[in-house]
Amino acid sequence: MKGVLTFIIVFSVVVIFHEFGHFFFARRAGILVREFSIGMGPKIFGHQSKDGTAYTLRLLPIGGYVRMAGVGEDETELTRGMPVTLVLDDTGKVSKINTSKKVQLANGIPLMVESFDLEKELLIAGYASADESELLRYEVLHDASIIEQDGTEVRIAPVDVQFQSAKLSQRMLTNFAGPMNNFILAVLVFILVAFMQGGVAVTDTNGIGQVMNDSPAQAAGLKEGDKILSIDGEKISSWEDLTGAILAQPDESLDLEVQRGQQTFKTEVTPETTTVDGQKTVRIGIQVPMKTGIVDKVVGGAQQALANSLTIFKAFGDLIMKPNLDKLGGPVAIFQMSSQAAQQGPTTVLVFIAILSMNLGIINLFPFPALDGGKLVLNIVEAIRKKPLSVEKEGLLNLIGFGLLMLLMILVTWNDIQRFFFQ
């Protein structure tokens, strides 16, 4: 249960932060965000704010999404022959259209839809009940609402507030904002972890930090601030060299050359094998030196985010050069890693959130249809051609891209199931 809850929290935080980036910059560009949802599936709660966005909470607590006017499948919910109820304002214009059987509106006018245009002309026409002797026509307010069949109330989407009506630069920023938010989240989380840990590890040194009580290092006379110059005659210049030499010879006596201030001395230490969080490890009881200043923590957190992003890029480069499904992980792999992180404590969970967020940001910048990177490529093509691709061509590209992504997700998920449960 703890693993499931951790998976939900980790995945949802990363996805919602991504979607909030699109939401924030779309709003600034004058694009109508019709819905901002937390969760997926059937609606539990919904509220339409004065800014025109419907904020909803949905049944499946996995991720979330934004619906921007004129993007993807965000199309008019009306069809010819559909029974609806209209609410008129004092001027006789339509302020609300109800298509849902779940919602009853007082003083509503029943109408059987014959024709409509909620994007340009802002008109709706139809017949009262079953009486087809007179076609009734109504003007629709620019900021009118429509109640969808599941009861969600959203604004209609006139063409001037649709995504394509915004400036090209604003659309590019809106497309980039999701991955950008993932990078920002990763940096903020790594900075938070640095504060939680009391500082930032200094790994490019042969110095040692705190010495644990009743440890082999304490028995050998080591103290915080000492520098280990060599182990068994091998020069030590970094923390990586130090830990590597210790791990290489568990339960064997090591000859250390140590510098303390201006003096050097020799001592012996025998690493011990112990179990931490269910995993065996070899240690002598020393901790990595830490920079504890506020600026050090902020800079160190940002550097940690950069280092992890470079590692991810290297991993993707290796995947491209040597394709292998085992190098990819889908929801099952994320669940497994979330469960493992939960067992190791909140700090590990936060680090996992940061790394997953960085992964999502980088993946979304790939120039592939249906991903944010693919949309940015189309924006660049539009800038070169001085006109966008037709809606049909862009829709076909996104459909093909989405289909290929779903196929890849199925293959990766099946491979994860085979790897984690049947091997």
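Atoms considered below: every heavy atom in the structure, side chains included; atoms not considered: hydrogens, waters and symmetry mates. This one's a predicted model, so the numbers in the text were calculated from it and none came from an experiment.
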**Student:** Looking at CG of D241 and OG1 of T205, how far apart are the two atoms once the value is rounded to the nearest 0.5 Å?
**Tutor:** 11.0 Å
**Student:** To check you understand the geometry: which heavy-atom pair defines the closest contact between A217 and I286, and what is its length?
**Tutor:** CB-CG2, 3.5 Å
**Student:** When you measure from the side chain of D232 to the backbone N and O of D255, does any donor-acceptor pair fall under 3.5 Å?
**Tutor:** yes
**Student:** Side-chain contact, heavy-atom cut-off 4.5 Å: I294 with D296?
**Tutor:** no
**Student:** For the pair K43 (side chain) and G151 (backbone), establish whether a donor and an acceptor sit closer than 3.5 Å, ignoring hydrogens and angles.
**Tutor:** yes
**Student:** Looking at CG of L122 and CG of D117, how far apart are the two atoms once the value is rounded to the nearest 0.5 Å?
**Tutor:** 7.0 Å
**Student:** Give the C-alpha distance, both sets of side-chain angles, the deciding distance and a yes or no for salt bridge (charged side-chain N to carboxylate O under 4.0 Å, His left out) between D143 and R155.
**Tutor:** CA-CA 6 Å; D143 294 333; R155 285 270 183 91; 3.7 Å; yes
**Student:** What about F20 and F23, are their ring centers closer than 6.0 Å?
**Tutor:** yes
**Student:** Should we count CD of E234 as having more than 12 external heavy atoms under 6.0 Å?
**Tutor:** no
**Student:** Using a cut-off of 6.0 Å, state whether more than 12 heavy atoms not belonging to Q197 lie near its atom CD.
**Tutor:** yes
**Student:** Can you tell me how far CD1 of I147 sits from CD1 of I97, rounded to the nearest 0.5 angstrom?
**Tutor:** 10.0 Å
**Student:** Heavy-atom count around R260 CZ within 6.0 Å, excluding the residue itself: above 12?
**Tutor:** yes
**Student:** Would a distance-only check, ignoring hydrogens and angles, find a side-chain to backbone donor-acceptor pair under 3.5 Å from Q162 to A157?
**Tutor:** yes
**Student:** Checking the side chain of R171 only, and the main-chain atoms of A166 only, is there a donor and an acceptor separated by less than 3.5 Å?
**Tutor:** yes
**Student:** Checking side-chain polar atoms at under 3.5 Å, does N182 have a donor or acceptor matched by the opposite partner on N364?
**Tutor:** no
**Student:** Given 3.5 Å as the limit, does a donor-acceptor pair link the side chain of N98 with the main chain of L105, or not?
**Tutor:** no
**Student:** Ring-plane angle category for Y55 and F36, please: parallel below 30°, perpendicular beyond 60°, tilted otherwise.
**Tutor:** tilted
**Student:** Could you go through the salt bridge (charged side-chain N to carboxylate O under 4.0 Å, His left out) check for E382 and K387 one step at a time?
**Tutor:** CA-CA 5 Å; E382 178 181 344; K387 63 178 181 178; over 6 Å; no
**Student:** Quick one: do L256 and F265 satisfy side chain to side chain contact (heavy atoms under 4.5 Å, CB included)? Show the steps, please.
**Tutor:** CA-CA 8 Å; L256 308 184; F265 63 92; over 6 Å; no
**Student:** With side chains defined as the heavy atoms from C-beta onward, is the minimum distance between T79 and V113 less than 4.5 Å?
**Tutor:** no
**Student:** Taking all non-hydrogen atoms of both residues into account, name the closest pair between G361 and P179 and its distance.
**Tutor:** O-CB, 3.5 Å
**Student:** F366 and V377: side chain to side chain contact (heavy atoms under 4.5 Å, CB included), yes or no, with the steps?
**Tutor:** CA-CA 10 Å; F366 274 36; V377 169; over 6 Å; no
**Student:** So does D214 get a backbone contact from the side chain of Q218, meaning a donor-acceptor N/O pair under 3.5 Å?
**Tutor:** yes
**Student:** Checking side-chain contact (heavy atoms from CB on, under 4.5 Å) against Y65, which of H18, R58, H22 comes through?
**Tutor:** R58
**Student:** May I ask you to decide if V161's main-chain N or O and S165's side chain share a donor-acceptor pair within less than 3.5 Å?
**Tutor:** no
**Student:** Is there a donor-acceptor contact under 3.5 Å linking the side chains of Q48 and S145?
**Tutor:** yes
**Student:** How many angstroms lie between CG in L242 and CD1 in I284, if you round to the nearest 0.5 Å?
**Tutor:** 6.0 Å
**Student:** Given the rule in the side chain to side chain contact (heavy atoms under 4.5 Å, CB included) test, do S253 and T270 qualify, once you have shown the distances and angles that lead to the verdict?
**Tutor:** CA-CA 4 Å; S253 178; T270 302; 3.8 Å; yes
**Student:** Between atom CZ of F11 and atom CG of L356, what is the distance when rounded to the nearest 0.5 Å?
**Tutor:** 7.5 Å
**Student:** Is a donor on one side and an acceptor on the other found under 3.5 Å between the side chain of Q104 and the backbone of A106?
**Tutor:** no
**Student:** A side-chain contact here means heavy atoms from C-beta on lying under 4.5 Å apart; do R34 and I146 qualify?
**Tutor:** yes
**Student:** Is any side-chain heavy atom of V351 less than 4.5 Å from a side-chain heavy atom of F190?
**Tutor:** yes
**Student:** Is the backbone N or O of I355 less than 3.5 Å from a side-chain atom of N308, with the two atoms forming a donor-acceptor pair by type?
**Tutor:** no
**Student:** Under 4.5 Å between any side-chain heavy atoms of L365 and L376, yes or no?
**Tutor:** yes
**Student:** Any chance you could measure I16, atom CD1, to I38, atom CD1, to the nearest 0.5 Å?
**Tutor:** 4.5 Å
**Student:** What's the shortest heavy-atom distance between F116 and L78, and which atoms?
**Tutor:** CZ-O, 3.3 Å
**Student:** Compare every heavy atom of S12 with every heavy atom of G63, then report the nearest pair and how far apart it is.
**Tutor:** N-OG, 3.1 Å
**Student:** Okay, side chain of D226, backbone of L222: is any donor-acceptor separation there less than 3.5 Å?
**Tutor:** no
**Student:** Quick one, Q304 and V193 - any side-chain contact, counting heavy atoms below 4.5 Å?
**Tutor:** no
**Student:** Carefully, step by step, assess R283 and E272 under the rule side chain to side chain contact (heavy atoms under 4.5 Å, CB included).
**Tutor:** CA-CA 6 Å; R283 66 176 189 175; E272 62 180 6; 3.3 Å; yes
**Student:** If you compare all heavy atoms of S357 against all heavy atoms of A186, which two are closest, and at what distance to 0.1 Å?
**Tutor:** OG-N, 4.2 Å
**Student:** So, for T267 and V258, which heavy atoms are closest and what is the spacing to 0.1 Å?
**Tutor:** CG2-CG2, 4.2 Å
